[in-house]
Amino acid sequence: MATVQDSAGRYSSSSLPVPQLRQALLGWYAECGRDLPWRQTQDPYAIWISEIMLQQTQVQTVIPYYHRWLEAFPNISTLAQASQQQVLKLWQGLGYYARARNLHTAAQKILSEHDGQFPQGLEAVMDLPGIGRTTAGGILSAAFNQPQPILDGNVKRVLARLYALKQPPQKVVKLLWQLSSNLLDPVAPCEFNQALMDLGATICLPKNPQCPACPWLNYCQAHQQNLVKNIPMTTPSQPIPHKIIGVAVIWNSQNQVLIDRRPADGLLGGLWEFPGGKVEPNETIPACIQREIQEEIGIEIVVGDELIRVDHAYSHFKVTLVVHHCQYLSGDPQPLACEEVRWVTVAELNDYPFPKANEKIITALLAQARGDEHH
DNA sequence: GATACGTGGCC
DNA sequence: TGGCCAAGTAT
């Protein structure tokens with residue numbers, strides 16, 4: 001018997017037949033479940049890596065990263081002993097880079113505090129950086145078949161529709177955890193959790209859900225009330241700011257360019273970039289670039305031609321990078337607003353982890369270098 | 001509890 | 001093009 005909040009905000013009783021729901025879902029999963037790389041192992045390390053990569057990231061994006069990662073770092077020990085730069089280079093392009101930094105730190109913590117063995121208690125697992133309750137439940141159910149519930153985006157949507165919740169999922173998280181826990185099959189928790197996620201990922205889609213193919217069609221309260229299109233409820237999103245950033249590709253007399261490593265925490269932490277900063281009101285781009293380089297690197301430059309403009313959307317703001325070639329004049333480059341600065345050749349850029357927006361700058365640099373050879 | 005935190009695909 | 005969304009966590 002599950003308790004579901006009704007439209008008036010009161011809690012009313014709902015009694016979907018849990019044993020039949022389990023049987024229907026597991027039967028569907030046996031027939032239609034996805035064959036994914038991390039389902040072919042019970043190694044908690046490999047499963048852990050997949051769970052972290054899959055946070056806010058779709059399966060098709062993760063698969064190539066997953067294989068490359070396990071080849072480079074096949075176990076906890078190899079990951080713990082790698083440098084953060086190696087770790088970030090393998091993560092380059094996946095986004096949410098704190099995930100990679102946390103994996104690295106957690107591997108070292110497992111070596112020092114758990115004798116190198118991945119912990120099997122919920123508390124100990126959630127105590128590792130980057131692992132919340134959903135990821136902990138996912139790992140423990142998949143690797144050790146423990147009856148731990150999960151509540152990711154797929155499960156939230158599936159349960160919101162199954163019980164026709166009239167409120168946005170983020171407002172009823174506690175209830176959703178109860179529902180996930182009540183439904184979880186105690187005999188086959190590993191399969192059940194995977195099945196729940198597959199249902200959300202392949203049938204109970206955000207848009208154009210494939211209801212006729214759903215094993216829960218006859219139980220789904222949203223379907224019975226013709227509310228599938230409206231559930232889960234959403235809250236309007238806030239407008240996001242757009243920043244104009246002046247960026248410098250600074251050349252020295254040895255035909256090297258200057259790059260800097262961002263602070264370890266925060267946006268794109270630990271990644272390298274071409275230096276620059278936000279254009280202030282009534283400031284020209286060249287003036288911005290010259291000022292930012294003086295303030296953050298402590299050197300004098302001459303700002304030259306524009307190389308490229310790069311539009312890029314992050315999750316909570318947008319930027320336009322206006323990138324100019326620059327010529328080094330004088331001063332000793334210092335890491336005044338970053339971790340480190342370094343002169344490198346264009347060919348060496350490939351050895352450093354860069355965010356996507358900077359990859360576009362590098363591509364433009366290489367294209368221009370190729371073009372120059374023909375003149 | 002709201003916000004910061006990346007990127008790619010879809011329409 | 002722009003907005004939405006995807007196997008969430010940390011603060």
Side-chain angles (χ1 to χ4, degrees), chain A residues 33-34 36-39 47-66 88 91-103 105-106 125-142 148-159 168-174 176-177 180 190 193-202 204-209 232-242 262-271 273 310-320 353-360:
Chain A
R34 293 175 294 179
L36 301 173
W38 40 89
R39 290 182 181 171
I47 290 166
W48 170 38
I49 299 304
S50 76
E51 291 284 343
I52 300 298
M53 288 185 168
L54 287 161
Q55 289 171 359
Q56 300 290 284
T57 309
Q58 296 188 330
V59 164
Q60 291 313 313
T61 303
V62 164
I63 287 175
Y65 282 89
Y66 174 79
L88 287 173
W91 201 270
Q92 177 175 334
L94 248 195
Y96 286 142
Y97 297 92
R99 294 183 293 174
R101 302 193 302 270
N102 284 334
L103 272 175
T105 305
V125 173
M126 288 184 65
D127 213 35
L128 297 170
I131 300 184
R133 184 162 176 201
T134 283
T135 299
I139 296 170
L140 291 174
S141 63
Q148 299 288 356
I150 56 173
L151 189 61
D152 61 9
N154 284 317
V155 178
K156 284 177 183 169
R157 184 173 58 258
V158 168
L159 295 181
Q170 64 266 31
K171 296 288 185 189
V172 289
V173 168
K174 198 170 178 181
L176 286 163
W177 273 109
S180 180
C190 170
N193 280 341
Q194 310 283 355
L196 208 45
M197 288 189 285
D198 275 14
L199 190 66
T202 65
C204 196
L205 303 168
K207 295 168 185 173
N208 303 317
M233 310 280 286
T234 57
T235 49
S237 57
Q238 298 294 320
I240 60 178
H242 186 170
R262 295 176 61 89
D265 293 316
L267 184 72
L268 307 169
L271 298 191
E273 66 179 3
V310 177
D311 286 310
H312 192 77
Y314 294 98
S315 48
H316 53 302
F317 66 94
K318 296 179 180 180
V319 295
T320 298
F354 281 91
K356 274 293 168 187
N358 273 255
E359 283 187 49
K360 297 176 190 170

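Worth saying up front: this structure is predicted, and the values here are computed from it rather than measured. Protein chains get the first letters and strands the later ones, always in sequence-line order, with residue 1 at the start of each.
The stretch residues 131-141 of chain A has no heavy atom under 4.0 angstrom from DNA chain B at all. Taking a 4.0 Å limit (strictly below) on heavy-atom distances, residues 149-158 of chain A reaches DNA chain C at A/Asp152, A/Gly153, A/Asn154, A/Arg157.
In this structure, the side chains of A/Thr57 and A/Tyr65 stay at 4.5 Å or more apart for every pair of heavy atoms. With a 4.5 Å cut-off on side-chain heavy atoms, A/Val125 and A/Trp48 do not count as touching.
Here the closest non-hydrogen pair linking A/Ser50 and A/Tyr66 is CB-CE1, 3.8 Å. Here the closest non-hydrogen pair linking A/Phe354 and A/Leu271 is C-CD1, 4.2 Å. Considering every non-hydrogen atom in both A/Leu151 and A/Thr134, the closest pair reads O-OG1, 3.0 Å. Residue A/Met53 comes nearest to A/Leu94 through the heavy atom pair CG-CD1, 4.0 Å, listed as atom of the first residue, atom of the second, then distance. For A/Ser141 against A/Cys190, the heavy-atom pair with the smallest separation is O-CB, 3.1 Å.
Nearest nucleotide to the A/Arg34 side chain, out of B/dA2, B/dG6, C/dA7: C/dA7. Nearest nucleotide to the side chain of A/Leu268, out of B/dT7, C/dG8, B/dC5: B/dT7. Closest approach to the A/Gln55 side chain among B/dC5, C/dG8, C/dC4 is made by C/dG8 (side chain taken as heavy atoms from C-beta onward).
For B/dA4, the OP1/OP2 oxygens have no side-chain nitrogen or oxygen of A/His316 closer than 4.0 Å. OP1 or OP2 of B/dT7 lies within a sub-4.0 Å distance of a side-chain N or O belonging to A/Tyr97. Remark: A/Ser315 is not in phosphate contact with B/dA4, judged by side-chain N or O atoms under 4.0 Å from OP1 or OP2.
In this structure, A/Leu128 places its CG atom 16 Å from C1' of C/dG8, rounding to the nearest Å. Between A/Lys318 atom NZ and B/dT7 atom P there is a gap of 15 Å when expressed in whole angstrom units. Regarding A/Met126, its CE atom lies at a distance of 11 Å from the C1' atom of C/dG8, rounded to whole Å. In this structure, the OH atom of A/Tyr314 is 11 Å from the P atom of B/dC5, given to the nearest Å. Atom C1' of nucleotide B/dT7 and atom CG of A/Leu267 are separated by 12 Å, given to the nearest angstrom. Distance, A/Met197 CE to C/dA6 P: 14 Å, rounded to whole Å. Rounded to whole Å, the distance from CD on A/Glu273 to C1' on B/dG6 is 15 Å. Regarding A/Arg101, its CZ atom lies at a distance of 19 Å from the P atom of C/dG8, rounded to whole Å.
C/dA7 and B/dA4 are spaced 23 Å apart, taking the P atom of each and rounding to whole Å. If you take atom P in B/dT3 and the same atom in C/dC4, they sit 15 Å apart, rounded to whole Å. A distance of about 22 Å separates the P atoms of B/dG8 and C/dT9, rounded to the whole Å.
Residue contacts for A/Trp38: at a heavy-atom cut-off of 4.0 Å it reaches a base atom on one of the strands shown. Across all strands, A/Ser50 comes closer than 4.0 Å to no nucleic acid atom at all (heavy-atom distances).
Annotation: side-chain contact (heavy atoms from CB on, under 4.5 Å) contacts of A/Leu267 (sequence neighbours excluded): A/Arg262, A/Tyr314, A/His316, A/Phe317. With sequence neighbours left out, the side chain to side chain donor-acceptor pair (under 3.5 Å) criterion links A/Gln58 to no other residue.
A/Thr235 and A/Gln170 share a donor-acceptor pair across their side chains, judged by distance under 3.5 Å alone. Looking at A/Gln194 and A/Arg39, their side chains do bring a donor and an acceptor atom within 3.5 Å of each other.
Residue pairs meeting the salt bridge (charged side-chain N to carboxylate O under 4.0 Å, His left out) criterion with at least one partner in residues 126-138 of chain A, sequence neighbours excluded, are A/Lys109-A/Asp127.
Within the 3.5 Å criterion, the main-chain N or O of A/Arg34 finds a donor-acceptor partner in the side chain of A/Asp198.
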Using a cut-off of under 3.5 Å, enumerate the N/O to N/O pairs linking the protein to nucleotides 8-11 of chain B.
| unit_1 | atom_1 | unit_2 | atom_2 | d |
| --- | --- | --- | --- | --- |
| B/dG8 | OP1 | A/Lys356 | NZ | 3.3 |

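Both A/Arg39 and A/Asn102 lie near DNA chain C, and the one whose nearest nucleotide falls closer to the 5' end is A/Arg39. For the pair A/Gln238 and A/Leu271, both in contact range of DNA chain B, the more 5′-proximal nearest nucleotide belongs to A/Gln238.
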